[in-house]
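A quick write-up on the structure given underneath.
Residue numbering restarts at 1 for every chain, and letters A, B, ... go by the order of the sequence lines.
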2 protein chains.
Amino acid sequence: MVAKLGRFAALAESDKTMLAALEKDEREYRKDEVIVQCGETVKELFVVKSGWLASYSLLDDGRRQLLRLFYPGDIVDLSEIALLRCRHDIKCLTAAVLCPFPKSGLEPLFTHSPRLTALLFSMTVRENSTLLDRIRAIGRFSAYERVCYLLLEMALRLHAIDGLQADGAFRLPLTQSDIADLLGLTNVYVSKTMSRIEADGLIARDGNRVKILKPQAMAELCNFNGDPTIDSSWFPVH
Amino acid sequence: MVAKLGRFAALAESDKTMLAALEKDEREYRKDEVIVQCGETVKELFVVKSGWLASYSLLDDGRRQLLRLFYPGDIVDLSEIALLRCRHDIKCLTAAVLCPFPKSGLEPLFTHSPRLTALLFSMTVRENSTLLDRIRAIGRFSAYERVCYLLLEMALRLHAIDGLQADGAFRLPLTQSDIADLLGLTNVYVSKTMSRIEADGLIARDGNRVKILKPQAMAELCNFNGDPTIDSSWFPVH
DNA sequence: CGAATGCTTGAAGCTTATCAAAGCTGGTGG
DNA sequence: CCACCAGCTTTGATAAGCTTCAAGCATTCG
């Protein structure tokens with residue numbers, strides 16, 4: 001996590017120490033294991049060491065909407081610190097290693113490091129921004145555009161944490177049902193859409209590996225702007 | 001704004017003073033006036049004194065997605081403080097009075113009041129939570145459910161700032177095209193859907209006034225949970 | 001009063017969902 | 001090491017929900 005945050009702003013040694021304290025315990029989780037259940041009172045947060053997680057919401061009739069994906073280096077779920085009760089389920093999409101820490105573990109950080117506080121605030125805003133992008137995608141994009149969009153976003157996100165393979169391809173640990181629930185589609189139509197995207201020569205697939213062949217064309221197709229740039233100029237110095 | 005934030009946690013006098021400083025200037029804006037344009041470097045933020053605003057994203061071919069609504073007491077756009085360039089347009093849905101202040105106006109607040117910082121952080125998380133709810137609505141709800149959802153959310157939001165009329169009705173300053181762009185629908189279908197909702201006896205309409213007749217039934221219909229509860233127990237004391 | 005804007009209603013069409021069945025793949029136990 | 005099985009993906013046929021297009025009506029404003 002120090003590595004991830006350090007990309008956005010220089011950190012003092014004391015800041016690094018505080019962050020490292022959050023990662024001192026490790027716990028392993030199996031694929032599909034549920035980490036947090038909707039309605040629970042949240043006492044613990046987690047730093048993701050490895051693996052993918054997702055938060056999601058279930059409706060009475062079985063409909064499901066995936067809300068967020070958590071990658072290595074993320075905090076699950078930083079937002080929950082401010083809420084009394086958790087509003088969504090969170091589970092492992094792959095086997096994962098998490099570093100649990102009590103909610104109060106962030107307290108010293110808020111009281112002693114304005115700079116680190118600003119940084120966490122910025123991370124929350126950034127996440128916010130990706131949610132807005134997805135609202136736009138689900139609300140106004142065709143299925144074809146939505147899938148392109150998701151693939152680009154994942155590639156970008158993985159690139160940032162060195163999760164891409166040498167040739168730029170990446171393993172897609174989501175099932176097509178997961179992708180459908182993330183984008184407001186059905187698994188059947190995701191399958192048909194991905195086949196079309198592949199037939200059009202925009203991507204190549206091999207098992208669950210995906211390689212984006214024409215990132216430029218795909219980005220134009222779905223108005224993909226990449227990540228917002230964090231402005232650290234206003235951060236308190238210490 | 002002091003009133004709005006004070007609802008979530010007790011504020012020290014010094015905190016109130018800092019907040020009040022943000023609201024010392026006032027400027028009037030006309031309906032449809034654009035406050036912030038996509039791509040601009042953000043130097044100024046605003047406290048909404050009166051009126052409604054919305055941020056939105058335009059696609060090349062004219063499609064539009066409304067992203068957020070801003071009500072009196074909100075900061076437009078708190079998120080932008082952390083971003084170098086603005087990613088969306090923001091405009092007035094009604095005539096409005098805003099209090100502009102420079103981005104740097106928040107700096108003393110971050111450096112001198114951990115408690116206020118935590119509160120702003122919480123507000124951001126809370127907004128985050130409503131975005132997740134809307135992702136769920138757009139991704140998995142039918143048009144009928146989406147419109148019910150939006151009306152409930154607005155009523156709740158207005159209730160919190162005493163914006164409801166005596167009989168519980170409220171003026172809806174959005175056009176049906178706005179509602180459509182907020183929910184990922186078309187203006188035509190919003191019209192048909194609202195007529196159905198009214199025919200079903202869930203709401204009553206008179207011009208642009210709306211009254212929710214059966215809030216309970218509507219809430220069950222669309223799994224409406226109300227607002228998340230903010231946990232202020234972890235806030236630094238001063 | 002005329003023009004502009006927004007709302008309503010109907011008909012036709014398209015994207016996506018639903019249902020169903022068959023093919024593929026990776027993991028497990030014999 | 002192979003066969004089996006469960007879960008995932010693919011493909012096709014049909015259906016539903018929403019969009020698009022178009023015209024008429026209502027309201028507001030200069």
Side-chain angles (χ1 to χ4, degrees), chain A residues 30-32 52 59 61-66 91-95 137-151 171-199 203-210 221-222, chain B residues 30-32 52 54 59 61-66 91-95 137-151 171-199 203-210 222:
Chain A
R30 294 183 308 279
K31 180 165 157 22
D32 292 326
W52 292 41
L59 303 186
D61 60 0
R63 283 179 289 181
R64 186 180 72 144
Q65 176 70 43
L66 285 201
K91 77 171 187 181
C92 299
L93 295 175
T94 67
I138 299 178
R140 285 294 174 234
F141 284 2
S142 69
Y144 195 96
E145 293 166 325
R146 285 184 224 182
V147 174
C148 286
Y149 179 80
L150 181 65
L151 293 175
R171 274 195 58 243
L172 194 66
L174 306 190
T175 67
Q176 293 186 349
S177 292
D178 291 333
I179 295 175
D181 287 343
L182 198 55
L183 297 178
L185 298 166
T186 59
N187 59 343
V188 174
Y189 207 64
V190 167
S191 170
K192 289 175 181 175
T193 303
M194 289 191 79
S195 299
R196 271 207 294 149
I197 296 173
E198 188 172 26
I203 62 170
R205 288 187 295 172
D206 174 27
N208 60 8
R209 273 180 29 125
V210 177
L221 187 78
C222 56
Chain B
R30 295 184 307 278
K31 180 163 154 30
D32 291 327
W52 292 41
L59 303 187
D61 59 0
R63 284 178 289 181
R64 185 178 73 144
Q65 176 69 45
L66 285 203
K91 77 172 187 183
C92 300
L93 295 176
T94 67
I138 299 178
R140 286 293 174 234
F141 283 3
S142 69
Y144 196 96
E145 292 166 326
R146 286 184 224 183
V147 174
C148 287
Y149 180 80
L150 181 65
L151 293 175
R171 273 195 59 243
L172 193 65
L174 305 192
T175 67
Q176 292 186 352
S177 292
D178 290 335
I179 295 176
D181 287 342
L182 199 55
L183 298 177
L185 297 166
T186 60
N187 57 345
V188 174
Y189 207 63
V190 167
S191 170
K192 290 175 182 174
T193 303
M194 288 191 80
S195 300
R196 270 207 295 151
I197 296 174
E198 187 173 27
I203 63 171
R205 286 187 296 172
D206 174 27
N208 60 8
R209 273 181 28 126
V210 177
C222 56

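One can find a donor-acceptor pair under 3.5 Å joining the base of dG10(C) and the side-chain atoms of Lys192(B).
Taken to the nearest 0.5 Å, the CD atom of Gln176(B) stands 10.5 Å off from the CG atom of Asn208(B). Atom CD1 of Ile138(A) and atom CD of Gln65(B) lie 9.5 Å apart (nearest 0.5 Å). Between atom SG of residue Cys148(A) and atom CE of residue Met194(A) there is a gap of 9.5 Å, rounded to the nearest 0.5 Å.
Exactly one residue among Leu151(A), Ile179(A), Leu185(A) makes a side chain to side chain contact (heavy atoms under 4.5 Å, CB included) with Arg146(A). That residue is Leu185(A).
Between the CZ atom of Arg140(B) and the C1' atom of dT16(C) there is a distance of 11 Å, rounded to whole Å. Note: CZ (Phe141(A)) to P (dT16(C)) measures 13 Å, nearest angstrom. Here dT9(D) presents its P atom at 17 Å from CZ of Arg209(A), a figure rounded to the nearest Å. What separates CG of Asp32(B) from C1' of dA4(C) is a distance of 13 Å, to the nearest Å. Computed from coordinates, the Arg171(A) CZ to dT25(C) C1' distance equals 14 Å when rounded to whole Å. Summarising the geometry, the separation between CD on Glu198(A) and P on dT10(D) is reported as 8 Å, rounded to the nearest angstrom.
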Practice item. Could you go through the side-chain contact (heavy atoms from CB on, under 4.5 Å) check for Phe141(B) and Leu59(A) one step at a time? Key: CA-CA 10 Å; Phe141(B) 283 3; Leu59(A) 303 186; 3.5 Å; yes

Point to revise | Tyr144(A)/Leu221(A) under side-chain contact (heavy atoms from CB on, under 4.5 Å): CA gap, chis, key distance, verdict | key: CA-CA 9 Å; Tyr144(A) 195 96; Leu221(A) 187 78; 3.6 Å; yes

Review point. Going through the distances and angles, do Leu66(A) and Asp178(A) end up as a side-chain contact (heavy atoms from CB on, under 4.5 Å)?
Key: CA-CA 7 Å; Leu66(A) 285 201; Asp178(A) 291 333; 4.1 Å; yes

Exercise for review: Start with the C-alpha gap between Thr175(A) and Asn187(A), add the side-chain angles, then the distance that decides, and say whether side-chain contact (heavy atoms from CB on, under 4.5 Å) holds.
Suggested key: CA-CA 8 Å; Thr175(A) 67; Asn187(A) 59 343; over 6 Å; no

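Put simply, Arg205(B) has a side-chain N or O that comes within less than 4.0 Å of OP1 or OP2 on dT8(C). Regarding contacts with the backbone of dC18(D), a side-chain N or O of Tyr189(B) is found under 4.0 angstrom from either OP1 or OP2. Phosphate proximity of dT9(C) to Arg196(B): absent, as no side-chain N or O sits under 4.0 Å from OP1 or OP2.
If you check residues 172-188 of chain A against DNA chain C, the residues with a heavy atom closer than 4.0 Å are Gly184(A), Leu185(A), Thr186(A), Val188(A), listed by number.
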Output a table of nitrogen or oxygen pairs between the protein and nucleotides 2-4 of chain D separated by less than 3.5 Å.
none

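In this structure Arg140(B) satisfies the side chain to side chain donor-acceptor pair (under 3.5 Å) test together with Asp181(A), sequence neighbours excluded. Lys91(A) pairs by the salt bridge (charged side-chain N to carboxylate O under 4.0 Å, His left out) definition with Asp32(A), not counting sequence neighbours.
Counting only distance, with no hydrogens or angles, the side chain of Thr94(B) and the backbone of Trp52(B) share a donor-acceptor pair below 3.5 Å.
Judged by closest nucleotide on DNA chain C, Ser191(B) is the one of Ser191(B) and Tyr144(A) placed further toward the 5' end.
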Review point. Once each nucleotide of nucleotides 23-30 of chain D is scored for protein heavy atoms under 4.0 Å, what B/S/- sequence comes out, 5' to 3'?
Key: --------

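Rounded to 10 degrees, the angle between the two end axes of the helix from dC1(C)-dG30(D) to dG30(C)-dC1(D) is 40°, with five pairs used at each end.
Closest non-hydrogen pair, Ser177(A) versus Arg64(A), comes out as O-NH2, 4.0 Å. Taking each heavy atom of Glu145(A) and Ser142(A) in turn, the nearest pair found is OE1-N, 2.7 Å.
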